[in-house]
Number of protein chains: 2
Amino acid sequence: MRKTIFIFAALVIALLSLFQLSKYSVLTGSTKIEIVIACIALLFFVIGVIINKRVLHRQKETSTVIDQQKIEELGLSKREYEVLCEIASGLSNKEIAQKLFVSESTIKTHVSNILVKLDAKRRTQAIQIAKELRIIIQ
Amino acid sequence: MRKTIFIFAALVIALLSLFQLSKYSVLTGSTKIEIVIACIALLFFVIGVIINKRVLHRQKETSTVIDQQKIEELGLSKREYEVLCEIASGLSNKEIAQKLFVSESTIKTHVSNILVKLDAKRRTQAIQIAKELRIIIQ
DNA sequence: ATACAATTCATACTTTAGTATGAGTGCTAA
DNA sequence: TTAGCACTCATACTAAAGTATGAATTGTAT
């Protein structure tokens, strides 16, 4: 936030300087007015694009970012969340077990708990619910 | 495309007119140069924002639209695609059967064919693959 | 120190998913 | 008209997924 304010302030100062510079350079006849106007136009066009990109980027981030708070609210443990992510990527219990170096029965226990906590009947439904709650990406 | 060219041409003409207008209004001393510059700056700022928004919007659209051609390439039939969508929404075979008014064994047949065509081992993997291929939404 | 939550694992079981095979129906293009 | 495709359904099977229960271990907070 401080960074934003600093950048904004620097930008305003730079623009005011530019105003003065362009004014005097035109009045003294050292620069053609078309060139000055063209430069200013280009500058503000670029500024508009950059600011717009930043704003949209921020919106996009907040809409795809995972809701960490919701995970806590649901009471999902760290390990359970890991398993949930692997389920969403399409792995079987056995594959998840191998990836996380535990037994398949452990994964089954985790999956059962995940289904209860997400109020889902199946793993496919759990994926859907997790997506809606913005708990997992996509 | 024609529309874009037309708008662009109109924009260029308008700007050239503006250039001439601002030049003479400054030379005749009827308008202060600060105001002219400010107007131009504001104008190009807005143009920058609008153009950027359009470009980004177009990118967003093409990234969320379903790839109808890919569905054909994979050889997925209309019914199979319906079943795929229901799978992705988290339904069981029995539930899909009830929703589409057919027997569960019919759905099983469809699911088997879908898995072969998508080169998936499980329905969860099929969901993942279908998403990557932009065949289904989300 | 102990109560608690998280993680791990096992067994035994039920349910769902997925495979393989065969077959009937209806539509459509050659 | 018939060959082919999409859709339907059934049976019989194997493989996963999911449930229930119990238990051991470990780190942590009171």
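Chain letters run A, B, ... following the sequence lines, proteins first, then strands; residues in each count from 1. Everything numeric in this text was worked out from a predicted model, so none of it was measured.
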- Query: Base, sugar-phosphate alone, or nothing: which one does A:S112 contact when heavy atoms must sit under 4.0 Å apart?
  - Reply: base
- Ignoring hydrogens and angles, tell me if any N or O in the side chain of A:Q125 forms a donor-acceptor pair with the backbone of A:K121 under 3.5 Å. yes
- Query: Which nucleotide in the list C:dT8, D:dG18, C:dT7 gets nearest to the side chain of A:K78?
  - Reply: C:dT7
- Note on the structure: Of the candidates D:dC9, D:dA17, C:dA17, the side chain of B:S105 sits closest to D:dC9
- Item | d(CG, A:L118; P, D:dG18) in whole Å | 12 Å
- Which nucleotide in the list D:dT19, D:dC7, C:dA6 gets nearest to the side chain of A:S77? C:dA6
- Item | Value in whole Å for how far the C1' atom of C:dT15 lies from CG of A:L115 | 13 Å
- Message: Which nucleotide wins on minimum distance to the side chain of B:R79, given the candidates D:dT19, C:dT19, D:dC7?
- Response: D:dC7
- Note on the structure: Here the distance between atom C1' of D:dA17 and atom CD1 of B:I127, to the nearest Å, is 14 Å
- Query: Nearest to the side chain of B:S103 - D:dT8, D:dA10, C:dA17?
  - Reply: D:dA10
- Item | Gap between atom CG of B:L115 and atom CD1 of B:I129 - 0.5 Å precision | 9.0 Å
- Message: Starting the side chain at C-beta, find the nucleotide from D:dC9, C:dT7, D:dA17 nearest to A:N93.
- Response: D:dA17
- Task: From the options D:dA16, D:dT19, C:dT19, select the nucleotide whose nearest atom is closest to the side chain of A:K94.
- Result: D:dA16
- Query: Rounded to the Å, how far apart are A:H110 NE2 and C:dA5 C1'?
  - Reply: 13 Å
- Note on the structure: Regarding the side chain of B:T106, the nearest nucleotide among C:dA17, D:dT8, D:dA17 is D:dT8
- B:R122 side chain, from C-beta outward: closest of C:dC9, D:dC7, D:dA17: D:dA17
- Query: What's the CD1-C1' distance between A:I107 and C:dT11, to the nearest Å?
  - Reply: 18 Å
- Message: Could you tell me how far apart A:L91 (CG) and D:dA16 (C1') are, to the nearest whole angstrom?
- Response: 14 Å
- Message: Strictly distance-based, threshold 3.5 Å: is any side-chain N or O of B:K117 a donor or acceptor partner for the main-chain N or O of B:G75?
- Response: yes
- Query: Can you check the B:K108 NZ to C:dA20 P distance for me, whole Å?
  - Reply: 14 Å
- Of B:F101 and B:T124, the one whose closest DNA chain D nucleotide lies more 5': B:F101
- In whole Å, what is the span from the CD atom of A:E104 to the C1' atom of D:dT19? 14 Å
- Task: For residues B:S92 and B:E95, report the shortest heavy-atom separation together with the two atoms involved.
- Result: N-OE1, 3.0 Å
